[in-house]
Amino acid sequence: MRYIYHLIIGIIGVFHVHESYAQTAINTTGSYVWNTADLPRVFNGKLQLSFVRGTEGFPSYGTVLGGGGFTSAQDGAAFQMYFPYSESHGGKVPKLRLGLYNNQGWSEWQSFYTSANANNIEADWTARKVYVVDKIGIGVQNPTEKLAVNGKIRATEIKVDSGPWPDYVFDEDYKLTPLKDVEAFINENKHLPGVPKAKEIEENGLSLGEMVRILMQKNEELTLHLIDKDKKIEDQNNRIQKLETLVNKLVK
(Lines give C-alpha, C1' and ligand atoms only; values in the text may rest on other atoms or scores of the structure.)
Protein backbone atom coordinates (compact mmCIF):
# COMPACT_ATOMS: atom_id res chain seq x y z
CA MET A 1 0.00 0.00 0.00
CA ARG A 2 2.81 2.38 0.96
CA TYR A 3 4.69 1.48 -2.25
CA ILE A 4 1.64 2.25 -4.40
CA TYR A 5 1.12 5.55 -2.60
CA HIS A 6 4.69 6.70 -3.24
CA LEU A 7 4.46 5.52 -6.87
CA ILE A 8 1.36 7.64 -7.44
CA ILE A 9 2.97 10.64 -5.75
CA GLY A 10 6.03 10.19 -7.97
CA ILE A 11 3.96 10.10 -11.16
CA ILE A 12 2.04 13.19 -10.08
CA GLY A 13 5.39 14.86 -9.48
CA VAL A 14 6.40 14.08 -13.08
CA PHE A 15 3.34 15.93 -14.35
CA HIS A 16 4.18 18.98 -12.25
CA VAL A 17 7.90 19.08 -12.93
CA HIS A 18 7.42 21.61 -15.75
CA GLU A 19 6.66 24.28 -13.13
CA SER A 20 10.33 24.28 -12.18
CA TYR A 21 11.90 23.21 -15.46
CA ALA A 22 10.16 24.67 -18.46
CA GLN A 23 12.00 22.43 -20.89
CA THR A 24 10.49 19.24 -19.38
CA ALA A 25 7.18 18.10 -20.81
CA ILE A 26 5.19 14.96 -21.55
CA ASN A 27 3.65 15.10 -25.00
CA THR A 28 0.72 12.99 -26.10
CA THR A 29 1.26 10.61 -28.98
CA GLY A 30 -2.34 11.13 -30.08
CA SER A 31 -5.42 8.97 -29.71
CA TYR A 32 -5.72 5.22 -30.32
CA VAL A 33 -2.09 4.83 -31.37
CA TRP A 34 -1.30 2.01 -28.93
CA ASN A 35 -2.43 -1.57 -28.71
CA THR A 36 -2.05 -3.85 -25.70
CA ALA A 37 -0.11 -6.23 -27.92
CA ASP A 38 2.67 -3.62 -28.26
CA LEU A 39 5.82 -4.97 -26.64
CA PRO A 40 6.87 -3.29 -23.40
CA ARG A 41 10.35 -2.48 -24.71
CA VAL A 42 8.75 -0.09 -27.23
CA PHE A 43 8.16 2.28 -24.30
CA ASN A 44 11.67 2.15 -22.83
CA GLY A 45 13.56 5.42 -22.95
CA LYS A 46 10.28 7.38 -23.22
CA LEU A 47 7.44 8.77 -21.16
CA GLN A 48 4.32 9.17 -23.29
CA LEU A 49 0.57 9.70 -23.03
CA SER A 50 -2.14 8.37 -25.29
CA PHE A 51 -5.92 8.18 -25.26
CA VAL A 52 -6.95 4.53 -25.72
CA ARG A 53 -10.07 2.41 -26.17
CA GLY A 54 -11.20 -1.14 -25.52
CA THR A 55 -10.94 -2.23 -29.17
CA GLU A 56 -7.15 -1.96 -28.82
CA GLY A 57 -7.26 -4.32 -25.86
CA PHE A 58 -7.33 -1.80 -23.02
CA PRO A 59 -9.98 -2.00 -20.25
CA SER A 60 -12.05 0.67 -22.06
CA TYR A 61 -11.71 4.31 -23.06
CA GLY A 62 -9.15 6.20 -21.03
CA THR A 63 -5.68 7.70 -20.84
CA VAL A 64 -2.57 5.56 -20.61
CA LEU A 65 0.78 6.76 -19.35
CA GLY A 66 3.58 4.53 -20.62
CA GLY A 67 7.32 4.57 -20.25
CA GLY A 68 10.47 2.85 -19.15
CA GLY A 69 14.06 3.68 -18.33
CA PHE A 70 15.87 0.61 -19.62
CA THR A 71 17.19 -0.43 -23.02
CA SER A 72 14.77 -1.03 -25.87
CA ALA A 73 16.20 -4.56 -26.21
CA GLN A 74 14.47 -5.75 -23.04
CA ASP A 75 10.84 -5.84 -21.87
CA GLY A 76 11.51 -5.66 -18.15
CA ALA A 77 11.26 -2.17 -16.54
CA ALA A 78 8.56 -0.71 -18.81
CA PHE A 79 5.14 0.15 -17.41
CA GLN A 80 1.69 1.33 -18.46
CA MET A 81 -0.79 3.08 -16.17
CA TYR A 82 -4.41 3.23 -17.30
CA PHE A 83 -6.75 6.00 -16.12
CA PRO A 84 -10.45 5.31 -16.87
CA TYR A 85 -12.46 7.81 -18.88
CA SER A 86 -15.46 7.45 -16.57
CA GLU A 87 -17.09 4.98 -14.22
CA SER A 88 -19.06 3.45 -17.09
CA HIS A 89 -15.97 3.43 -19.37
CA GLY A 90 -13.14 1.77 -17.52
CA GLY A 91 -14.43 1.66 -13.97
CA LYS A 92 -13.54 3.60 -10.84
CA VAL A 93 -9.85 2.99 -10.37
CA PRO A 94 -6.58 3.30 -12.30
CA LYS A 95 -4.81 0.12 -13.37
CA LEU A 96 -1.15 -0.73 -13.78
CA ARG A 97 0.78 -3.38 -15.65
CA LEU A 98 4.52 -3.98 -15.94
CA GLY A 99 6.81 -5.30 -18.61
CA LEU A 100 8.00 -8.81 -17.78
CA TYR A 101 11.69 -9.61 -17.64
CA ASN A 102 13.49 -11.24 -20.55
CA ASN A 103 11.00 -10.33 -23.27
CA GLN A 104 8.06 -12.20 -21.73
CA GLY A 105 5.42 -9.56 -22.51
CA TRP A 106 3.16 -7.80 -20.02
CA SER A 107 1.88 -8.70 -16.57
CA GLU A 108 -1.88 -8.70 -15.88
CA TRP A 109 -3.63 -5.39 -15.21
CA GLN A 110 -3.68 -4.69 -11.47
CA SER A 111 -6.03 -2.17 -9.86
CA PHE A 112 -4.87 0.71 -7.73
CA TYR A 113 -6.37 1.70 -4.42
CA THR A 114 -8.33 4.90 -4.67
CA SER A 115 -11.40 6.52 -3.16
CA ALA A 116 -13.42 7.72 -6.14
CA ASN A 117 -13.55 8.31 -9.88
CA ALA A 118 -12.22 11.70 -10.92
CA ASN A 119 -14.81 11.96 -13.72
CA ASN A 120 -17.64 11.85 -11.19
CA ILE A 121 -19.00 15.19 -10.02
CA GLU A 122 -19.53 13.68 -6.57
CA ALA A 123 -15.97 12.37 -6.35
CA ASP A 124 -14.55 12.27 -2.84
CA TRP A 125 -10.80 11.76 -2.67
CA THR A 126 -10.52 11.82 1.12
CA ALA A 127 -8.29 9.14 2.59
CA ARG A 128 -11.01 7.65 4.76
CA LYS A 129 -12.62 6.00 1.73
CA VAL A 130 -10.82 3.16 0.02
CA TYR A 131 -12.22 1.39 -3.03
CA VAL A 132 -10.91 -2.00 -4.05
CA VAL A 133 -12.06 -3.45 -7.37
CA ASP A 134 -10.38 -6.84 -7.69
CA LYS A 135 -9.68 -9.51 -5.36
CA ILE A 136 -6.52 -9.16 -3.51
CA GLY A 137 -3.69 -11.61 -3.51
CA ILE A 138 -0.72 -11.51 -1.11
CA GLY A 139 1.93 -13.85 -2.38
CA VAL A 140 -0.68 -15.28 -4.75
CA GLN A 141 -1.00 -14.76 -8.50
CA ASN A 142 -4.52 -14.55 -9.95
CA PRO A 143 -6.40 -15.00 -6.65
CA THR A 144 -9.87 -16.53 -6.83
CA GLU A 145 -11.04 -15.18 -3.46
CA LYS A 146 -11.60 -11.62 -2.26
CA LEU A 147 -8.43 -12.04 -0.16
CA ALA A 148 -5.89 -14.81 -0.76
CA VAL A 149 -2.73 -15.06 1.37
CA ASN A 150 0.12 -17.47 0.79
CA GLY A 151 1.70 -17.42 4.23
CA LYS A 152 1.01 -17.00 7.92
CA ILE A 153 -1.40 -14.42 9.36
CA ARG A 154 -1.13 -12.99 12.87
CA ALA A 155 -3.97 -10.99 14.38
CA THR A 156 -5.27 -10.03 17.81
CA GLU A 157 -8.82 -10.93 16.81
CA ILE A 158 -10.63 -12.41 13.82
CA LYS A 159 -14.42 -12.29 13.50
CA VAL A 160 -16.03 -14.78 11.11
CA ASP A 161 -19.68 -14.70 10.08
CA SER A 162 -21.04 -18.23 10.13
CA GLY A 163 -24.32 -19.95 9.39
CA PRO A 164 -27.03 -20.71 11.99
CA TRP A 165 -25.40 -21.37 15.36
CA PRO A 166 -26.21 -24.96 16.41
CA ASP A 167 -28.19 -24.21 19.56
CA TYR A 168 -30.99 -26.09 17.79
CA VAL A 169 -29.30 -29.20 19.18
CA PHE A 170 -30.97 -28.36 22.51
CA ASP A 171 -34.46 -28.19 21.03
CA GLU A 172 -36.83 -30.85 22.39
CA ASP A 173 -37.56 -32.24 18.94
CA TYR A 174 -33.87 -32.59 17.97
CA LYS A 175 -33.05 -36.22 17.23
CA LEU A 176 -29.76 -37.13 18.82
CA THR A 177 -27.98 -39.91 16.94
CA PRO A 178 -27.45 -42.95 19.19
CA LEU A 179 -23.80 -43.64 19.96
CA LYS A 180 -24.02 -47.13 18.49
CA ASP A 181 -25.05 -45.57 15.15
CA VAL A 182 -22.20 -43.04 15.43
CA GLU A 183 -19.80 -45.94 16.03
CA ALA A 184 -21.11 -47.78 12.97
CA PHE A 185 -20.72 -44.66 10.81
CA ILE A 186 -17.13 -44.14 12.03
CA ASN A 187 -16.20 -47.75 11.35
CA GLU A 188 -17.51 -47.49 7.81
CA ASN A 189 -16.44 -43.93 6.83
CA LYS A 190 -13.50 -43.17 9.15
CA HIS A 191 -14.80 -39.73 10.14
CA LEU A 192 -17.60 -38.22 12.23
CA PRO A 193 -21.04 -37.74 10.69
CA GLY A 194 -21.46 -34.24 9.28
CA VAL A 195 -17.70 -33.53 9.32
CA PRO A 196 -15.83 -33.15 5.99
CA LYS A 197 -13.48 -35.92 4.93
CA ALA A 198 -9.74 -35.34 5.15
CA LYS A 199 -9.47 -35.56 1.35
CA GLU A 200 -12.08 -32.81 0.89
CA ILE A 201 -10.19 -30.47 3.21
CA GLU A 202 -6.87 -31.26 1.50
CA GLU A 203 -8.36 -30.41 -1.90
CA ASN A 204 -10.64 -27.49 -1.04
CA GLY A 205 -9.21 -26.09 2.17
CA LEU A 206 -10.91 -25.53 5.52
CA SER A 207 -13.78 -23.07 5.93
CA LEU A 208 -13.05 -21.64 9.37
CA GLY A 209 -16.55 -20.38 10.14
CA GLU A 210 -18.25 -23.57 8.94
CA MET A 211 -15.84 -25.83 10.82
CA VAL A 212 -16.27 -23.91 14.08
CA ARG A 213 -20.05 -24.30 13.68
CA ILE A 214 -19.69 -28.05 13.04
CA LEU A 215 -17.38 -28.51 16.02
CA MET A 216 -19.79 -26.62 18.27
CA GLN A 217 -22.64 -28.85 17.09
CA LYS A 218 -20.58 -31.98 17.86
CA ASN A 219 -19.61 -30.55 21.25
CA GLU A 220 -23.26 -29.88 22.12
CA GLU A 221 -24.29 -33.38 20.97
CA LEU A 222 -21.48 -34.87 23.07
CA THR A 223 -22.67 -32.85 26.07
CA LEU A 224 -26.18 -34.25 25.67
CA HIS A 225 -24.77 -37.79 25.46
CA LEU A 226 -22.76 -37.20 28.65
CA ILE A 227 -25.81 -35.84 30.45
CA ASP A 228 -27.79 -38.90 29.37
CA LYS A 229 -25.02 -41.26 30.47
CA ASP A 230 -24.71 -39.45 33.80
CA LYS A 231 -28.43 -39.91 34.45
CA LYS A 232 -28.18 -43.60 33.60
CA ILE A 233 -25.16 -44.08 35.87
CA GLU A 234 -26.92 -42.28 38.69
CA ASP A 235 -29.99 -44.50 38.19
CA GLN A 236 -27.80 -47.61 38.17
CA ASN A 237 -26.08 -46.51 41.38
CA ASN A 238 -29.43 -46.04 43.05
CA ARG A 239 -30.52 -49.51 41.93
CA ILE A 240 -27.25 -51.05 43.15
CA GLN A 241 -27.63 -49.32 46.52
CA LYS A 242 -31.16 -50.70 46.92
CA LEU A 243 -29.97 -54.20 45.98
CA GLU A 244 -27.11 -54.00 48.50
CA THR A 245 -29.56 -52.95 51.20
CA LEU A 246 -31.87 -55.84 50.32
CA VAL A 247 -28.97 -58.34 50.28
CA ASN A 248 -27.77 -57.16 53.69
CA LYS A 249 -31.24 -57.65 55.12
CA LEU A 250 -31.44 -61.16 53.66
CA VAL A 251 -28.01 -62.05 55.07
CA LYS A 252 -28.97 -60.92 58.56
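Summarising the local packing, CD of E108 is surrounded by 12 or fewer heavy atoms from other residues, nucleotides or ligands at distances under 6.0 Å.
Atom CG in L250 sits 11.0 Å away from atom OG1 in T245 (nearest 0.5 Å). Put simply, CD1 on I201 and NZ on K199 are 13.5 Å apart, with the number rounded to the nearest 0.5 Å. Here Q80 contributes atom CD and F58 contributes atom CZ; the two are 4.5 Å apart, rounded to the nearest 0.5 Å. Rounding to the nearest 0.5 angstrom, the gap separating the CZ atom in F83 from the NZ atom in K95 is 13.0 Å. Separating the CG atom in L147 from the CD1 atom in I153 is a distance of 6.5 Å, to the nearest 0.5 Å. Atom CD of Q241 is separated from atom CG of L246 by 12.5 Å, given to the nearest 0.5 angstrom.
Scanning all heavy atoms of the two residues, the minimum distance from I214 to G194 falls at CD1-O, 3.6 Å. Residues S50 and G30 come closest through the heavy atom pair OG-O, 3.0 Å. Listed here is the closest heavy atom pair of P193 and V182: CD-CG1, 4.4 Å. In terms of heavy atoms, M216 sits closest to P166 at CG-CG, 3.7 Å. Across every non-hydrogen atom of S60 and G90, the tightest pair is CB-N, 3.4 Å. Between F79 and L98 the shortest heavy-atom distance is CB-CD2, 3.8 Å.
Residues F70 and F43 form no side-chain contact, since every pair of their non-hydrogen atoms from C-beta on lies 4.5 Å or further apart. No side-chain heavy atom of T28 sits under 4.5 Å from any side-chain heavy atom of Q48. Contact annotation: the side chain of P196 approaches that of M211 to within less than 4.5 Å [non-hydrogen atoms, C-beta and beyond]. A heavy-atom distance below 4.5 Å is not found between the side chains of N103 and L39. Within the 4.5 Å cutoff, side-chain heavy atoms of L192 are placed close to those of I186. For the pair V160/V212, no side-chain contact is recorded, criterion being any heavy-atom separation below 4.5 Å from C-beta on. No side-chain heavy atom of K231 sits less than 4.5 Å from a side-chain heavy atom of D235.
Here salt bridge (Lys or Arg N to Asp or Glu O under 4.0 Å) pairs that include residues 216-230, with residues two or more places apart or in two chains, are K218-E221, D228-K232. Pairs engaging residues 31-59 under the salt bridge (Lys or Arg N to Asp or Glu O under 4.0 Å) rule: R41-D75, R53-E56 [sequence neighbours left out].
Put simply, the side chain of Y82 gets close to the backbone of Y61: a donor and an acceptor are under 3.5 Å apart. Checked by atom type and distance alone, the side chain of T63 never pairs as donor or acceptor with a backbone atom of F51 at under 3.5 Å. The closest donor-acceptor contact from the side chain of S86 to the backbone of H89 lies under 3.5 Å. At least one donor-acceptor pair under 3.5 Å links the side chain of N187 to the backbone N or O of E183. With T71 contributing its side chain and A73 its backbone, the two residues share a donor-acceptor pair below 3.5 Å. With hydrogens and angles disregarded, a donor-acceptor distance shorter than 3.5 Å links the side chain of N35 to the backbone of A37. A donor-acceptor pair is defined here as one N or O able to donate and one able to accept, closer than 3.5 Å; such a pair exists between the side chain of T29 and the backbone of L49.
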Could you go through the side-chain contact (heavy atoms from CB on, under 4.5 Å) check for E145 and V140 one step at a time? CA-CA 10 Å; E145 306 291 342; V140 178; over 6 Å; no
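Cluster membership check: I233 does not share its hydrophobic cluster with I227, using side-chain heavy-atom separations under 4.5 Å among Ile, Leu, Val, Met, Phe, Trp and Tyr. Cluster membership check: L100 does not share its hydrophobic cluster with V42, using side-chain heavy-atom separations under 4.5 Å among Ile, Leu, Val, Met, Phe, Trp and Tyr. Both L47 and L96 are assigned to one and the same hydrophobic cluster, defined by single-linkage of ILVMFWY side chains at heavy-atom distances under 4.5 Å. Linking ILVMFWY side-chain heavy atoms closer than 4.5 Å, directly or via other members, places V169 and L222 in two distinct hydrophobic clusters. Linking ILVMFWY side-chain heavy atoms closer than 4.5 Å, directly or via other members, places W165 and Y168 in two distinct hydrophobic clusters.
Other members of the cluster containing L243 do not exist, because no ILVMFWY side chain is joined to it at under 4.5 Å.
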